[in-house]
Number of protein chains: 2
Amino acid sequence: MAPKNQATIEDVARIAGVSIATVSRAVHSPERVAKTTRQKVNQAILVTGYTTNAMARSLRMGRSNIILVLAPDIGDPNFSSTLIGIETEARARNHAILIGHTQNDPQRAIDYLRYTTSHKAAGLVLFTGRLPLSDAVSAMPLPPTIAVFEPVQDAAYPYVGVDDIAGGRKATEHLLAAGHRKIAFVGDTQMRAAFRRRRAGFDLAMDAARVDQDNRLIVEGDGSIESGRHAVELLFMRDTLPTAFMCVNDTTAIGVMNALAARGYNVPLDFSVTGFDDVPQATYISPALTTIRQPRSIIGKTAIERLMALIEADHPATETPKEDLISPDLVLRGSVTTPRQTPI
Amino acid sequence: MAPKNQATIEDVARIAGVSIATVSRAVHSPERVAKTTRQKVNQAILVTGYTTNAMARSLRMGRSNIILVLAPDIGDPNFSSTLIGIETEARARNHAILIGHTQNDPQRAIDYLRYTTSHKAAGLVLFTGRLPLSDAVSAMPLPPTIAVFEPVQDAAYPYVGVDDIAGGRKATEHLLAAGHRKIAFVGDTQMRAAFRRRRAGFDLAMDAARVDQDNRLIVEGDGSIESGRHAVELLFMRDTLPTAFMCVNDTTAIGVMNALAARGYNVPLDFSVTGFDDVPQATYISPALTTIRQPRSIIGKTAIERLMALIEADHPATETPKEDLISPDLVLRGSVTTPRQTPI
DNA sequence: CTGTTAGCGCCTTCAG
DNA sequence: CTGAAGGCGCTAACAG
C-alpha cells in the first residue's frame, strides 16, 4: 500500500514528536543527536517510508549529488568499462551519474555543460579530451572537474589515465624475456601523446636490456589497422626483418597479423606480436593477442576518488593539477613465443 | 570573466524591467507573453547568462527532468548501444539520463529505485527483466516506467523490444531462399520467451514455404556456446544432417561453427549457419556470421517516446500496457550460401 | 541537545 | 498581458 503522498520531513517530525531540524540532523549528522531521539526519528522514518527530497536539499545547499560524465561515444567499450568503475565508486559515495553523450559535437557538449550549472552538479568527468572553445563555455562556472583517458587540451584539469610508459615497457620486456632482440616498434608518431609514451617505454626496456636498437625497425603509424599492414610491407621491402613486432595498439597489431598471415607466415611461430589496449577483438582473432590491458575500471574508480577529494576540499584555488597514472597489466595470450631458430 | 554568482530569475527580471513571473512565462510559455516583453527578457537572459535552476524548478513542480535507467550490466554492448538511442531521444526532449548499475543485486536495485523517489525522477527505464520482490519496493511510488529488451516479470509495464517472431522468420526465409530445405533449429526451449518466439518465426516461415519439418532437426539448447557445439554432435550421432543451421542466437551459432570446424567441415560450403542478435563477435569469426541485428538504438529511442507519452499523459490509470515490437533486419555476411549438391 | 526561523529559486494561482 | 505573493522541502544559523 503505497502512501498517496510521499512523506516529508514534517511528517517524520510530527510522528517522532520532534522538530524538523532534529530530523534533518538525525539523518545527516546522527552524532549530533541524542541516541534516544535518533531512535525515535529512525522509527518514524521507517513507518512513513520517508526519503529525503534531493531536489529540496540540493536547492537549499546550492549543490546536488549528481556527477556529470561527458563522453564522445557511449558505445565505445573503453567508455563503458570505465563507467562501471565510475558508477560503482560514485554510488559508494552517495553520488549519482548523469550521462552526457557528445558525439564530438561541440554544441551538444555545450548544452551538457550547461546542465552542470542548472543541475548544480557536484562534479564533472571528461572523457572528451577537449572542451569546446567558446565564450559560452569560458563564461560557465564549471564544478570541480577531472579528465579521464585523455588530458584536456589547453586546460589544467587533473587527469587520470594509464601509465603508457610502464605499459610499453612491460610489453617490450615480455618480448625480451622470450628471447627477442630484433624487435620492431610499429606506430611511431609525434601526433599522439599516448603513443609517444609507449615508445618511450619501449626505449627504456631496450636500453635496460642493453639491446642496440636498429632504426630501420622503428616504423611510423597512426594506430590504424592499415598502418599495421603497411608496416609489415615496408619491413619486407627493406629486407630488415624483426623477430617480433611491438605494436603501439591492438588495432595496429591486428593489421600486422593480417599482413603476416597474408604472406603465409605463422604467428607466433615465425613472428611474435604484442598489442596495447586489450580491445575485445584481441580475444577473437587467432592467435589471441598478447597485449597490455587498459585498467579501465580502476581508472574510473580513481577518477571519482580524485574528484570527490576536489569536491570536498572546495578550495576554488586549483593547485598544480595532479596526474594519476595507473600501471597496466600484461595479458598473456597466444601471439608471443620464443624466436624461431632458423632465419625466415 | 565568469560571473561570481550564477544569475537567478530575479536578476533577469530586474534587468529586463519586468517581474519574475513574466520571466518564468517568457521562458516556459513564450506565447503567453507580449512579443516586446519577450525580447527584453531574452536580451536580459543573454547578458546575465541565466540558466534556470533545475533543482528549484523540480522542487516547485514536484518532478524533475531526470530519467533513471536501471541496467544489470553497463558493459553489455546490448546495453550501451540501446543507451545511445535512449540518451539521444531523451536529450531531444530535454530530459537527462541517470544511470543505475544493478549488477543483478536486488539491494542495489532497491537503492536506485529509491533515487526515483528522492530525485523525483520523471520516469524509469528497466533493462533488468525483473524488479526485486520486496515490501520496500512495493511500497515505493514508482514513476512512469517502461521495460526494454525483457518484459518485467509479474508486472504490467509497457515493453519495447525486438520482434523475435519477425526476426526468426526473416532468418529462416533467407535460408529457404538460398535453397535449403533441411534446416536445423538449434536452441529450442520453453525457458526463454525470446527463444520461443524465434522458434515461432521459424515455424511460420517453414509453413509458409510448405516445407515439412523433421522433428529430429529441432535441437534443444539454452543459448550457450556449448549448446551449439552439443547440437552438432547430437545431429551427427543421430545421423540426420541438415544443410543449414538456424541458431537461436549468435552465441549458439558460434558454438555450431566451432564444432563444424572441429569436424573438418567448411561453413558455408558444407553447411550454412545463421544467428540472431548481431553481437560484436559475429564480425570477427570466420566466416563472418549472417545474422539478425537487434535494432538496439531504435529500441532505445522508442522506449523514450513511449515513456514520455506516459509521463505527459499522467493518467495514473495505466491502461493495458502496450507492447512495442521492433522488426529487426537481416545482416548478410559470409555464413550462408546455397546447399552443396553432393551429400556430406 | 533541540527548536525556531529564514530563505534557496522557481512556478502558479489570483488579481489587476 | 503582467505583477504580487505563497510555498515546494530542506538546511543552517541562531537561540535556548
Side-chain angles (χ1 to χ4, degrees), chain A residues 3-42 44-45 48-65 94 114-115 117-122 141 314, chain B residues 3-42 44-45 48-65 94 114 117-122 141:
Chain A
K4 194 74 189 163
N5 301 310
Q6 176 62 13
T8 77
I9 201 171
E10 296 213 56
D11 301 321
V12 176
R14 187 161 13 82
I15 294 187
V18 297
S19 77
I20 61 170
T22 301
V23 175
S24 176
R25 281 189 286 254
V27 172
H28 299 290
S29 22
E31 72 285 359
R32 309 200 325 151
V33 153
K35 197 166 163 194
T36 53
T37 323
R38 203 188 315 151
Q39 284 166 345
K40 277 190 298 183
V41 172
N42 287 334
I45 288 179
T48 52
Y50 168 73
T51 313
T52 246
N53 181 326
M55 297 303 138
R57 180 164 218 259
S58 301
L59 173 58
R60 178 57 231 246
M61 310 225 299
R63 169 159 77 73
S64 76
N65 70 340
N94 258 304
R114 225 188 289 283
Y115 261 73
T117 311
S118 70
H119 284 76
K120 297 280 175 279
D314 68 19
Chain B
K4 193 73 190 164
N5 303 310
Q6 177 60 16
T8 77
I9 200 173
E10 295 214 57
D11 300 321
V12 177
R14 188 161 9 84
I15 294 187
V18 297
S19 76
I20 62 170
T22 301
V23 175
S24 177
R25 281 190 285 254
V27 172
H28 300 291
S29 23
E31 72 284 0
R32 309 200 321 150
V33 154
K35 196 165 164 198
T36 53
T37 322
R38 201 188 315 151
Q39 284 166 344
K40 277 190 298 182
V41 171
N42 287 333
I45 288 179
T48 53
Y50 168 73
T51 313
T52 154
N53 181 325
M55 299 300 137
R57 179 161 218 261
S58 302
L59 172 59
R60 176 61 229 252
M61 311 229 297
R63 171 157 78 72
S64 75
N65 70 339
N94 257 304
R114 223 186 291 282
T117 311
S118 69
H119 285 76
K120 298 281 176 275

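As the structure is a prediction and not an experimental result, all values here were calculated from the model. Order of the sequence lines fixes the chain letters, A, B, ..., with proteins taken first and strands second; residue numbering starts at 1 for each chain.
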A.B. asks: Between P on dC1(D) and CZ on R38(B), what's the gap in Å once rounded to a whole number?
C.D. replies: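 After rounding, the reported distance stands at 9 Å.
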
A.B. asks: How many Å lie between CD on E10(B) and C1' on dG3(D), as a whole number?
C.D. replies: 13 Å

A.B. asks: Given atom CE of M61(B) and atom P of dT13(C), what is their separation to the nearest angstrom?
C.D. replies: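 Taking CE of M61(B) and P of dT13(C), I get 12 Å after rounding.
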
A.B. asks: What nucleic acid atoms does S58(A) come within less than 4.0 Å of, heavy atoms only: base, sugar-phosphate, or nothing?
C.D. replies: nothing

A.B. asks: May I ask you to list the residues of residues 21-36 of chain A, by number, that have any heavy atom positioned under 4.0 Å from an atom of DNA chain D?
C.D. replies: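 DNA chain D contact set from residues 21-36 of chain A: A21(A), S24(A), R25(A), H28(A).
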
A.B. asks: Scan residues 27-39 of chain B for pairs that pass side chain to side chain donor-acceptor pair (under 3.5 Å), counting only residues two or more places apart or in two chains.
C.D. replies: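 Counting only pairs at least two positions apart or across chains, the side chain to side chain donor-acceptor pair (under 3.5 Å) contacts touching residues 27-39 of chain B are H28(B)-R57(B).
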
A.B. asks: Expressed in angstrom and rounded to an integer, what is the separation of K40(A) atom NZ from dG3(C) atom C1'?
C.D. replies: 13 Å

A.B. asks: Calculate, to the nearest 0.5 Å, the distance between atoms OG and CG belonging to S58(B) and L59(A) respectively.
C.D. replies: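 Taking OG in S58(B) and CG in L59(A), the distance rounds to 9.5 Å.
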
A.B. asks: With sequence neighbours left out, what residues match S118(A) under side chain to side chain contact (heavy atoms under 4.5 Å, CB included)?
C.D. replies: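 Applying side chain to side chain contact (heavy atoms under 4.5 Å, CB included) to S118(A) gives T51(B), A54(B).
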
A.B. asks: At under 4.0 Å, does any side-chain N or O of T37(B) touch on OP1 or OP2 of dT2(D)?
C.D. replies: yes

A.B. asks: For the pair made of CZ in R57(A) and C1' in dG9(C), what is the distance, rounded to whole Å?
C.D. replies: 18 Å

A.B. asks: Not counting sequence neighbours, which residues clear side chain to side chain contact (heavy atoms under 4.5 Å, CB included) with I45(B)? List them please.
C.D. replies: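 V12(B), V27(B), V41(B), N42(B), Y50(B).
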
A.B. asks: List for me each residue that meets salt bridge (charged side-chain N to carboxylate O under 4.0 Å, His left out) alongside R14(B), sequence neighbours excluded, and say none if there are none.
C.D. replies: D11(B)

A.B. asks: For T22(B), give me all partners under side-chain hydrogen bond (donor to acceptor under 3.5 Å, both in side chains), at least two apart in sequence or on another chain.
C.D. replies: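 Residues passing side-chain hydrogen bond (donor to acceptor under 3.5 Å, both in side chains) with T22(B): S19(B).
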
A.B. asks: Return the value, rounded to whole Å, for the distance between atom CG of L59(B) and atom P of dG7(D).
C.D. replies: 14 Å

A.B. asks: Would you give the length of the straight line joining atom OG1 of T8(A) to atom CG of N53(A), rounded to the nearest 0.5 angstrom?
C.D. replies: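 Between T8(A) OG1 and N53(A) CG, I get 9.0 Å after rounding to 0.5 Å.
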
A.B. asks: In whole angstrom, what separates I9(A)'s CD1 from dA12(D)'s C1'?
C.D. replies: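 It is 12 Å, rounded to the nearest whole Å.
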
A.B. asks: Closest approach to the side chain of N53(A), judged atom by atom: which nucleotide of dT12(C), dG9(D), dT5(C) is it?
C.D. replies: dG9(D)

A.B. asks: Output the single nucleotide from dT12(C), dC10(D), dC10(C) whose closest atom is nearest the side chain of I20(A).
C.D. replies: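 Selected nucleotide: dC10(D).
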
A.B. asks: To the nearest angstrom, how far is R14(A) atom CZ from dG9(D) atom C1'?
C.D. replies: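 Going from R14(A) (CZ) to dG9(D) (C1'), I get 14 Å.
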
A.B. asks: Which of these nucleotides, dG3(C), dG9(D), dG9(C), is closest to any side-chain atom of A56(A)?
C.D. replies: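 Within the option list, the nearest is dG9(D).
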
